[in-house]
Every structure is written in structure tokens, then in C-alpha cells.
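Worksheet for the structure shown next.
None of the values given here were measured: they were computed from a predicted structure. When reading the values below, keep in mind they use all heavy atoms of this one structure, side chains included, and skip hydrogens, waters and symmetry mates. Positions are given from 1 along the sequence.
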Amino acid sequence: MYHFTQDLDRFTGSVQLQHHPVKWFTHRVTFGVDRTREVNTLYQPRIDSLVANPTFGSDALGFISIENHNVDYTTVDYAATAAFDLSPTLHSSSSAGLQFYHTLGDTVYADGLFFPAPGLSAISATTGPRSNSNGTEETKSIGAYGQEQISWRDRLFLTAGLRSDNHSTFGANFNRVYYPKFSASWIMSEEPFWKYRFVSQLRLRAAYGESGRAPPQNAAVRSDQPVTGPNDVDAVTPLFIGNPDLGPERGKEIELGFDAGLWNDRAGIEFTYYRKKTVDEILLREVAPSIGFPPVPPGGQYFNAGAVLNQGIELLARARPYDKGPVSVDMTLNLGTNSNKILSLSPGVTFVTAGTNLQHRVGYPVGSWFTKKVVSAEFDSTTGQAINIMCDDGKGGAMACANAPVVYIGRTTPSFEGGFSTTLTLWNRLRVYGLLDFKTGYRKLDGTTRVRCTFFGQVCRENFFPLEFDPKRIAGVQSNRSLVDFLIADAKFMKLREVSVVYTLPDAWATALRTSQATVSLAGRNLHTWTGYTGLDPEAMFLGGSRGGNFSQWEQADLPQLTQWIVTVNLAF
């Protein structure tokens, strides 16, 4: 009945010029363009036989909307490197460069309601209300950097660098930002004193670096919006107050780790510990209505405040436990942890609302779930209602839910994730590969249950067979969406991400095909998910982003990852 179409035209290209005038100096310039032209259309034809049907209502009269979205990314990158041998054991490499980025986006939208007769499809043919809008977004940034690397005997490497950026979204009172970096790497296993021969290579490394994230488009600029004034005269009214002091978020990160190869590289370990503190977080705050600007979005004011601490470990272990004759087995395990906590916000502020039931709160992870939590309830079988409902009082006790505070329910991003893969190779021709991965330590709003149990007449099983469920869940279903903690579900999962078979054809076959090598592969992806999550898919997320997002509740409108079977033929010439 509804017709969704999308036309997409994309071109990506780049040109690079290199020049090597002398032995010790080389430089290059790269120009790149990424161009996208996108047309999205939503069309509902008029269907007279359904006009009187209350299920479809005015939709049966038809409507159409068209959106043209054009985006152009342009980059210019210049880099130069000078390399010298300062002595027989000491080498220097000096680098410098300039980078320019330009983004231009243009959107035109128009729609119209109600076709007077079946078969019409043009916006100009609609008889009901019509609307149109357009907008242009443009950003520019320019950066320069310099770096010096010193290496001693090709086993000790020291690097220092500095980058400077200026961005069009910075406030008028904020000037260029500077990001330093330092790193050291030492191949200890190549030192004369190294005696542990089962460790074929050991590299120690440490690094410190800073980076940033620019403010959103027009966040620093005072702006107005058009309105119709008295006597239908065109006028403007305040929209954003802007912030001339607005600057980028700044991340300051330290990494420590090592890379080890064992038993002639039959096994290996890569380990990294990271600790990143982000300061000057970009937040949106309300402003006093008395100054003439809207107090909340689409008004409000972006400002720099607060600090967030992220830390964790990343581990990669690989091994070839069996390698004999025509058979070899390779295994890889990767694990990662993350612990993040908001250290501070603006003075006197302990939390900022990040979306429905989401908060940035001091002492808790970024974008955490906060809502009332039902801790006990009873079910009255005579009335079919949950009674004696009590909620967490935030102090370890219970109280009536009507006056209960919102409490921490969980984080929106995984605290622990990883994967395990195995490759079996036979006769150097047949390769069988499998990958399992998992994520845990986070919760997600079950949008599918939310729609079934709190909208559209509450058509969920809990309403028809309440004795099958915990009374606390029944209390949430019957609360008219005032108690929603039962929807914020544990989303941990393990997924059989891929199984594949690759076969390299015999050389005679490749020769007959006039190729140097030919392979055939069959791969299955997203084959099975093990999870206790009650919604559509623990990875389904519509406009959710890495922090959960205000729109994660709409997962029922998002297609989950599909099981795929892919056959590929590769011919090398």
C-alpha cells in the first residue's frame, strides 16, 4: 500500500601527485571528492474502496512526499617528509602537512495530501495541505601538523608531534586549537641481554595524544527563524542564542601495551590499556525565557562543560595450535572492556537529560538509563490488576511508585565484548572459517514490546495470560507507560557471525580460465543469535547511536540484520 523508493547516485574519486626531488625529501598532494545525490520518495495512492475504512482513514485519500538530499565532501591533503641518518645508528624522519576539509549539504523537501482521483501521483495534483522546505549546511576546517620521529638501531622509536586545527563551527571568540602527541616503542627482544628464546619478539609501547570533536553546525551562531507576523507580514523570531566562546571537545588519552610473538610466531599476544579523559564536553542547556530565546530545543544553548573518563583494556591472542602435513589450524581471540564515568558537568549541575529515560549524570556512564524501578508487586486474580506496587526509593528501600525517584537501570553501551574465530586449512587449497562474537554489560529499550504492550489496545500476551508473568512486569504493562523499567531489558548476546568455505581451484583450472589464480567461496553471515533479549534484535537500533539515543525505542521500525548466503568467484589476472 505504501510505496517507499530511494534513488542513490554516488561518486568517489581522488588524484594524488608525488614528487621526490632529492633522495632525502619527498612530498605529495592529494585531492579527493565524495559526491552523493539521494532522492527519497514516500507515495500512497488514493484507494477509494478504503476511504470509509477507519483503519486507514485519510491515508486512503493518498499523499506524496519527496526529499532531495545532496552532499559533497572535498578534501585537499599535502604532506612532506624529510629523512636523514644522523649517525650509523640514529635515524631521523621529519614530517609536516596541511589538510583542508569542506562539507556542503543541501536538502529540498516537499509534500502534499489528498489526491482528487485514483492514478495521480504529482505533488501539484494534491488538493489538501502542501508544505515545502529547504536547507543548506556547510562546514570548513583547516589543519596543520608537524612530527619528528627518531629511531635508534631500528629497535627504539621516539615520536613527538603537534597538530593545529581551525573549524568553521568554532565560536567567534575561540581561536585555533592545538593537539600534541608523544609515543615510544622499544623492541626489547632484539637487545643483546634478551635470553628468553621462546619469546621470538617483544615490543613495549606507550603513547599519549590529544584529539577533538568540533561543535555541531551553527551551534555557536546566534540565529532566528522566519514566522508570519501581524497582518501576515513576514517576520523573524529568535531561535538559538548561540555561544561565541564555544570550542571543541578535547580528549586526552594515554595507552600502554605490548606485542609479543611466541615460539617462532606460532602464537602471539597484543595487549593495550587505555585511559581517556574528555574535557569541555559539548552539552545543550536551557536558557531563561526572559531573554527572548526558546528555553529548550529547538532553542537552548550549546556550551563546553564537564569531563568524562573512559578506560579499559584490549586483548588480541592468536595461535596456530596444529600445523602438520596438509592440515593447519589458526585461532584468534579478541576481548575488550570499557568503563566510562561522567566526572563533572557544569557548576551546580548533576545531570542533563539525554532523551526519554536517558541521562548524563555525574558518577554514572554516559547516556545511562534512569527511570522508576518496580521492586515488588502482587497480582489480584479477582480484578486482574497488579496491586501493592512498590518502587526503589533510591536508598536501598522501597516506597509507593507515585512519589518514587528515578534510579539507575543500566548503561546503553557494552562494558565487555569480544570474538573468537577459527580457520582450518587443508592442502593449502580449502579454507574453512568461523566467527563467534558477543557483547554484554548493557541494556536496551525493547521497542517491540513497548508497542505491543503499551499501544494499540495492549495486544501482548501479558494482558491475556497475566499469571504466566512476574507481577512486577504486569504492573508495568498496566501502568499506562508511567512504569517502563520492564522494557529496559538486558541486551547481551552471542552471535554466529560468519561461517565460510573458500576453495582455491587447481592451477590447471586457473590456466584454462587464463588467470593466475581462481577461488570460489560460500559464506553464511548472521546465522544464529543466542540471547535472552525479548525484543526484535539486540543489535537493532534506529537512530540510536553509540550512546543509546532517544530513538532507540523505535527498533520495531528497523529491519534486523538478515541471514545472508553469499557465493563469490575471484579471478586474479
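No side-chain donor-acceptor contact under 3.5 Å links Asp485 and Thr371. A donor-acceptor pair shorter than 3.5 Å cannot be found between the side chains of Asp330 and Tyr433. Side-chain atoms of Gln311 and Tyr273 include a donor-acceptor pair closer than 3.5 Å. No hydrogens or angles considered: a donor-acceptor pair under 3.5 Å links the side chains of Asn338 and Asn310. No hydrogens or angles considered: nothing links the side chains of Asn480 and Ser482 as a donor-acceptor pair under 3.5 Å. For the residue pair Gln44 and Asp59, no side-chain donor N or O sits within less than 3.5 Å of a side-chain acceptor on the partner.
The shortest heavy-atom contact between Pro45 and His3 is CD-CD2, 3.6 Å. The two residues Tyr533 and Pro538 come nearest to each other via the heavy atoms CD2-N, 3.6 Å. The minimum heavy-atom distance between Lys276 and Ser211, with the atom names listed, is NZ-OG, 4.3 Å. Between Cys460 and Val477, the shortest heavy-atom contact is SG-CG1, 4.2 Å. The nearest pair of heavy atoms linking Ile389 to Ala475 is CD1-CB, 3.7 Å. Closest of all the heavy-atom pairs between Leu343 and Lys277 is CD1-CE, 3.9 Å.
Of the listed residues (Asp393, Leu483, Val406, Val407), just one forms a side-chain contact (heavy atoms from CB on, under 4.5 Å) with Lys373, and that residue is Val407. Remark: of the listed residues Ser133, Ser131, Ser65, Ser131 is the sole one forming a side chain to side chain donor-acceptor pair (under 3.5 Å) with Asp111.
Although no hydrogens or angles enter the test, the distance criterion places a donor-acceptor pair under 3.5 Å between the side chain of Thr563 and the main chain of Asn526. Counting only distance, with no hydrogens or angles, the side chain of Thr169 and the backbone of Pro215 share a donor-acceptor pair below 3.5 Å. Of the possible polar contacts, none joining the Trp369 side chain to the Ile488 backbone as a donor-acceptor pair under 3.5 Å is found. Counting only distance, with no hydrogens or angles, the side chain of Gln478 and the backbone of Ala386 share a donor-acceptor pair below 3.5 Å. Thr127 places a side-chain N or O within 3.5 Å of a backbone atom of Phe114 that can act as its donor or acceptor partner.
Going from atom CD1 of Ile409 over to atom NZ of Lys372 covers 12.0 Å, rounded to the nearest 0.5 Å. Separating the CG atom in Leu436 from the CE atom in Met494 is a distance of 6.0 Å, to the nearest 0.5 Å. Rounded to the nearest 0.5 angstrom, Cys401 SG and Asp392 CG are separated by 9.5 Å. Rounding to the nearest 0.5 Å places OG1 of Thr448 at 9.5 Å from CG of Asp537. Taking CZ from Arg450 and CG from Leu445, the interatomic distance works out to 7.0 Å, rounded to the nearest 0.5 Å. Distance check: Gln564 CD to Leu527 CG gives 10.0 Å after rounding to the nearest 0.5 Å.
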Run the numbers on Phe486 and Val374 for side-chain contact (heavy atoms from CB on, under 4.5 Å), then give the verdict. CA-CA 8 Å; Phe486 76 101; Val374 179; over 6 Å; no
Would Phe370 and Phe351 count as a ring pair (Phe, Tyr, Trp, His ring centres under 6.0 Å) if you check the C-alpha gap in whole Å, the side-chain angles of each, and the deciding distance to 0.1 Å? CA-CA 11 Å; Phe370 277 87; Phe351 74 92; 8.1 Å; no
Is there a side-chain contact (heavy atoms from CB on, under 4.5 Å) between Glu249 and Val308 once you walk through the steps? CA-CA 11 Å; Glu249 293 182 0; Val308 175; over 6 Å; no
Step-by-step side-chain hydrogen bond (donor to acceptor under 3.5 Å, both in side chains) determination, Glu378 to Asn388: CA-CA 6 Å; Glu378 299 175 4; Asn388 299 328; 3.0 Å; yes
Are Glu38 and Asn40 close enough, and set up right, to give a side-chain contact (heavy atoms from CB on, under 4.5 Å), and what steps lead you there? CA-CA 7 Å; Glu38 180 181 332; Asn40 299 304; 2.8 Å; yes
Is there a side-chain contact (heavy atoms from CB on, under 4.5 Å) between Leu113 and Thr126? Walk through the geometry before answering. CA-CA 6 Å; Leu113 301 178; Thr126 58; 5.7 Å; no
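Annotation: side chain of Ile282 is in contact with side chain of Asn304 (closest heavy-atom distance under 4.5 Å). Within the 4.5 Å cutoff, side-chain heavy atoms of Val366 are placed close to those of Ile342. The shortest side-chain heavy-atom distance between Phe438 and Leu335 falls under the 4.5 Å cut-off. The closest side-chain heavy-atom distance from Glu138 to Ser168 is not below 4.5 Å. Between Val71 and Tyr73 there is a side-chain heavy-atom pair separated by less than 4.5 Å. Residues Asp437 and Phe493 have side chains in contact (heavy-atom distance under 4.5 Å, counting atoms from C-beta outward). In this structure, Val39 and Ile66 have side chains that are in contact, with non-hydrogen atoms separated by less than 4.5 Å. Taking the side chain as every heavy atom from C-beta outward, Trp530 and His528 approach each other to under 4.5 Å.
Residues Asp106 and Arg37 are not paired through a salt bridge, judged by the lack of any N-O separation under 4.0 Å between the basic side chain and the carboxylate.
Between Phe115 and Tyr43, the two ring planes are perpendicular [angle over 60°; tilted spans 30° to 60°]. By the 30° and 60° cut-offs, the orientation of the rings of Tyr2 relative to Phe63 is tilted.
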Can I get a per-line list of side-chain donor-acceptor pairs under 3.5 Å for residues 414-423, giving both atom names and the distance, sequence neighbours left out?
none

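Heavy-atom neighbours of Lys492 NZ from other residues, nucleotides or ligands within 6.0 Å: at or below the threshold of 12. Within 6.0 Å of CZ in Arg431 there are 12 or fewer heavy atoms belonging to other residues, nucleotides or ligands.
For Arg361 and Tyr408, the positive end is not near the middle of the six-membered ring at less than 6.0 Å and at most 45° from its axis.
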